[in-house]
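As structure tokens, the structure follows; a few thoughts come after it.
Chain letters run A, B, ... following the sequence lines, proteins first, then strands; residues in each count from 1. Below, all heavy atoms of this structure are taken into account, side chains as well, without hydrogens, waters or symmetry copies.
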Amino acid sequence: MSNEPEKLPAAGSDSQRKTLDDRQRMTDLERIRHSCAHVLATAILRIWPDAQFAAGPPVETGFYYDVELAHRISPEDFPRIEEEMRKEIKANHVFEKVVVTREQAIADAKAGRLAALGERSVPSKFKLDIVQGIPEGEPISYFRNGDFLDLCAGPHVMRTGNVGAFRLTHVASAYYKGDERNPQLQRIYGTAFKNKTELEAHFAMIEEAKRRDHRKIGAEMGLFALDAEYVGPGLPLWLPRGTVIVEELEKLAKETEFQAGYVRVRTPHLAKEKMYRTSGHLPYYAESMFPPMEMLEEDERKKRDQLTEKRADLIQLLESMENAVSPNPKGLTPEGLRREIAQLEVEMGLIGGRYYLKAMNCPHHHRIFAAEPRSYRDLPLRLAEYGSCYRYEQSGELFGLMRVRALQMNDAHIYCTAEQFADEFRAVNDMYLKYFKIFGLEKYQMRFSTHDPAKLGQKFVNEPELWVKTEAMVRDVLVQSGINFVEVPNEAAFYGPKIDVQVWSAIGREFTIATNQVDFAVPARFGLTYRDRDNTGKTPLCIHRAPLGTHERFIGFLIEHYAGNFPLWLAPEQVRVLTIGDDDALVAYAKGIVDELRAQFVRVEGDYSPNKINGKILDAEKSKVHTMLVIGGRDRDAGAVSVRLHGKGNVGAKPKAEAIAEILGAIRERKG
RNA sequence: GCCAGUUUAGCUCAGUGGUAGAGCACCCGAUUUGUAAUCGGACGGUCGUCGGUUCAAAUCCGACAACUGGCUCCA
């Protein structure tokens with residue numbers, strides 16, 4: 001989750017193009033899947049000869065082929081498509097490679113012969129476009145299996161019969177080359193494996209994934225609710241048991257940050273338009289923000305309407321100038337107009353009366369920095385807040401707790417001098433590692449996003465030396481700490497390099513869980529300065545960091561990571577005391593234990609009902625209570641309790657005091 | 001936002017044009033029990049919403065909403 005506006009990477013950028021070398025490294029499984037995509041296309045063409053195909057690559061869990069077809073393919077069509085596919089596999093055609101010239105490929109595409117069973121009356125339009133996009137000098141090849149001929153760099157398995165066990169899984173829609181201006185295609189997904197056993201193991205894993213799904217477990221355990229009708233889509237309600245987890249995480253963050261020298265602040269959930277004009281978030285980020293609330297007085301409204309109208313006129317003029325061939329008679333320049341528009345926007349911001357829900361906390365923190373005069377002696381200043389943000393994510397992007405419109409971020413901004421930067425950055429990094437250890441995150445990867453010098457002044461602020469310097473410092477810290485990271489050029493934020501942490505839940509789903517960004521531009525936009533030793537004002541560097549991400553995504557991740565079986569310190573219900581029967585003396589003994597634990601702030605409940613102990617245990621196990629203390633007459637007489645751990649079963653009886661001490665110790669140390 | 005799919009009780013799901021069902025949960029009784037299901041009863045739904053077709057709609061048609069899958073890991 002980014003703190004800041006983020007430009008999408010340019011569509012179809014050549015730097016992402018897979019090289020032929022990459023392709024030759026395709027694994028056996030990828031070859032099977034890619035070949036299966038060709039078999040799929042063959043089958044579709046046998047049923048719908050006018051299908052137009054675009055791309056059909058292997059992907060992480062299988063393969064897909066994008067097809068344009070008037071008929072809407074639905075899962076009901078899968079059986080007959082699969083039947084045609086089985087015929088093609090049974091025919092055991094050779095995957096035959098044919099190297100051709102560019103001219104030949106273009107001619108064949110125009111003749112409709114590519115991704116087809118023969119010549120057709122209309123061109124293979126997507127293949128034609130793809131051929132034309134292949135760089136000069138790169139060899140062009142086809143693969144043929146039986147009648148089916150496709151533009152393809154390969155590689156493939158030897159014969160269609162080598163495609164092992166496969167299954168079509170689902171249909172989705174995809175824009176050609178992922179650009180919504182392009183035609184929308186039907187994407188048929190399937191998966192293939194060497195044999196039936198592996199295919200079945202794959203689907204068993206999917207079942208496991210469904211079982212761990214945070215939305216399902218969240219509902220079962222009563223952690224959170226999504227009430228789209230009354231509260232709104234993407235606006236989660238934290239139920240009491242989920243709130244426990246929220247507050248335990250905040251407690252962890254507060255303790256950790258306190259020891260690391262952070263100070264806490266609190267800020268309102270909204271701010272005036274001027275804030276986001278100054279920060280530069282408007283208008284670029286406006287689409288991701290909730291629309292503003294207007295609290296304008298009559299005369300303010302009038303002035304604002306005038307300015308809005310003038311701005312619209314200027315924008316229209318600018319557009320006509322840019323499209324026009326003849327020079328402007330008034331001698332206006334596009335640059336001048338843009339300056340004037342920017343000036344108008346600043347004036348609009350100055351009117352006030354217009355408030356935005358904040359989509360990020362940094363501007364508020366910057367104003368806290370500005371609220372008092374700062375000396376170099378005050379730095380580094382580390383401002384921390386679990387800040388509430390609101391982002392208007394597109395409706396189709398919403399997903400359980402993972403993608404929401406209201407979120408609370410484990411945010412902090414560290415203001416420091418260039419000399420302090422490396423130490424500060426290292427400390428932030430250490431904090432990430434500390435957290436990973438607590439949560440048992442063994443598999444993670446840091447994505448280090450850097451700038452592209454060619455795009456200084458456009459996509460990236462024009463501070464070439466600062467870019468190089470900070471990137472080098474960040475890289476050094478990562479290398480020194482032996483962290484697993486990848487460097488991704490051209491993906492930095494516009495104001496500095498950033499690190500995103502990718503984690504995988506136990507079922508292999510990938511998430512960006514946390515972010516850490518360097519900012520050497522926005523503090524200047526807010527005119528933030530500190531008084532240095534030489535008695536001059538200097539602009540601080542700023543590190544944005546959110547190692548625990550947002551409550552929403554982090555807890556969504558933890559639910560899947562633990563499959564709802566939270567460690568003791570996080571468990572909504574930590575302990576349940578179960579009596580065997582409801583004999584008065586027994587219940588009194590049990591209540592004494594409950595009271596003792598509750599006095600120590602343990603989340604404990606008692607089940608004193610006269611039901612059978614098996615039934616009570618089942619109840620507690622289903623509720624995922626971490627520790628069950630089973631108490632019968634024998635235990636009472638011995639001053640003992642029988643300890644049973646969720647999912648682990650009975651671990652035996654022990655003296656009451658010992659059991660309580662162990663529980664308190666495990667909670668304090670945040671152990672399982 | 002776009003394409004597709006889904007929506008029946010708190011949960012899991014039956015119900016293909018003719019009186020809305022089951023199991024579990026919740027509630028009320030009874031059951032005195034040693035580590036994953038004691039028994040009985042009662043309660044619970046305008047079948048997502050709105051509209052249409054029909055003598056009759058959970059069921060057929062349409063619109064809307066919400067949710068879900070996906071929206072370049074490129075020939």
Side-chain angles (χ1 to χ4, degrees), chain A residues 9 11-14 16-18 20 22-23 30 34 37-38 53-61 63-64 66 72-76 105 109 114-115 124 126-134 138 140-143 150-154 169-189 213 215-216 219-220 222 226-229 232-234 287 393-400 510 578-584 586 609-622 628 630-635 642-647 649-653:
Chain A
S13 90
D14 286 348
Q16 287 165 18
R17 202 168 184 282
K18 222 176 226 171
L20 291 177
D22 290 338
R23 290 189 154 272
E30 284 170 327
H34 183 47
H38 280 232
F53 290 90
V59 293
E60 204 177 311
T61 58
F63 62 88
Y64 65 78
D66 283 344
R72 292 263 159 231
I73 295 176
S74 84
E76 285 169 20
L114 297 184
S124 302
F126 301 113
K127 297 293 175 182
L128 181 60
D129 183 62
I130 290 164
V131 169
Q132 286 165 342
I134 295 176
E138 198 171 288
I140 294 177
S141 61
Y142 296 164
F143 272 84
D150 199 358
L151 176 72
C152 180
T169 53
H170 55 290
V171 188
S173 128
Y175 298 102
Y176 179 56
K177 292 188 170 174
D179 189 329
E180 62 187 8
R181 288 165 304 194
N182 285 339
Q184 203 155 27
L185 308 172
Q186 302 187 64
R187 176 166 292 181
I188 319 296
Y189 280 92
D213 190 308
R215 293 164 299 183
K216 186 175 159 68
E220 283 166 3
L226 288 163
D227 180 355
E229 191 181 353
E287 289 222 334
E393 302 288 355
Q394 291 191 51
S395 56
E397 300 275 337
L398 299 177
F399 174 69
E510 183 180 353
L578 315 172
T579 56
I580 300 171
D582 67 345
D583 166 79
D584 285 347
L586 192 61
S609 71
N611 291 334
K612 292 190 76 165
I613 191 62
N614 281 354
K616 291 161 81 160
I617 285 172
L618 177 67
D619 257 7
E621 290 282 358
K622 280 207 298 196
M628 285 150 275
V630 177
I631 291 167
R634 289 206 299 266
D635 302 293
S642 289
V643 180
R644 181 189 169 96
L645 299 177
H646 172 59
N650 188 2
V651 296

So what does [X] hit on the nucleic acid, given a heavy-atom distance under 4.0 Å: a base, only sugar-phosphate, or nothing?
X	result
A:Ile617	base
A:Ile631	nothing
A:Asp619	nothing
A:Gly649	nothing
A:Phe126	nothing
A:Gly400	sugar-phosphate
A:Ala174	sugar-phosphate
A:Asp635	base

So, does [X] get its side chain near the phosphate of [N], meaning an N or O under 4.0 Å from OP1 or OP2?
X	N	result
A:Arg215	B:rC67	no
A:Tyr189	B:rC71	yes
A:Asn614	B:rA37	yes

request  = For B:rG17 and B:rG29, measure between their C1' atoms and round to the nearest Å.
outcome  =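 Result for the C1' pair: 43 Å, nearest Å.
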ask   = Expressed in whole Å, how much space separates the C1' atoms belonging to B:rU16 and B:rC24?
value =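 Approximately 28 Å lies between the C1' atom of B:rU16 and that of B:rC24.
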If we call it a pair only when both distances are under 3.5 Å in a Watson-Crick or G-U wobble match, what pairs with [N]?
N	result
B:rC27	B:rG41
B:rA56	none
B:rU72	none
B:rU7	B:rA65

Rounded to the nearest Å, what distance is computed from the [atom1] atom of residue [X] to the [atom2] atom of nucleotide [N]?
X	N	atom1	atom2	value
A:Glu397	B:rG69	CD	P	12 Å
A:Lys622	B:rA36	NZ	P	14 Å
A:Asp66	B:rA4	CG	C1'	14 Å
A:Lys612	B:rG34	NZ	P	7 Å
A:Ile580	B:rU35	CD1	P	8 Å

query = Does any donor-acceptor pair link the side chain of A:Ser642 with the base of B:rG34 at a separation under 3.5 Å?
reply =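 Yes, the side chain and the base share a sub-3.5 Å donor-acceptor pair.
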task = For the pair A:Phe143 and A:His38, name the ring-plane relationship: parallel under 30°, tilted 30 to 60°, perpendicular over 60°.
result =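 Plane angle over 60°, so perpendicular.
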ask   = Side chain of A:Arg187: nearest nucleotide among B:rU35, B:rA37, B:rG70?
value =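 The answer is B:rG70.
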request  = Please identify each residue that fulfils side-chain contact (heavy atoms from CB on, under 4.5 Å) with A:Leu128, with sequence neighbours left out.
outcome  =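 Listed in chain order: A:Ile106, A:Ala109, A:Lys110, A:Gln132.
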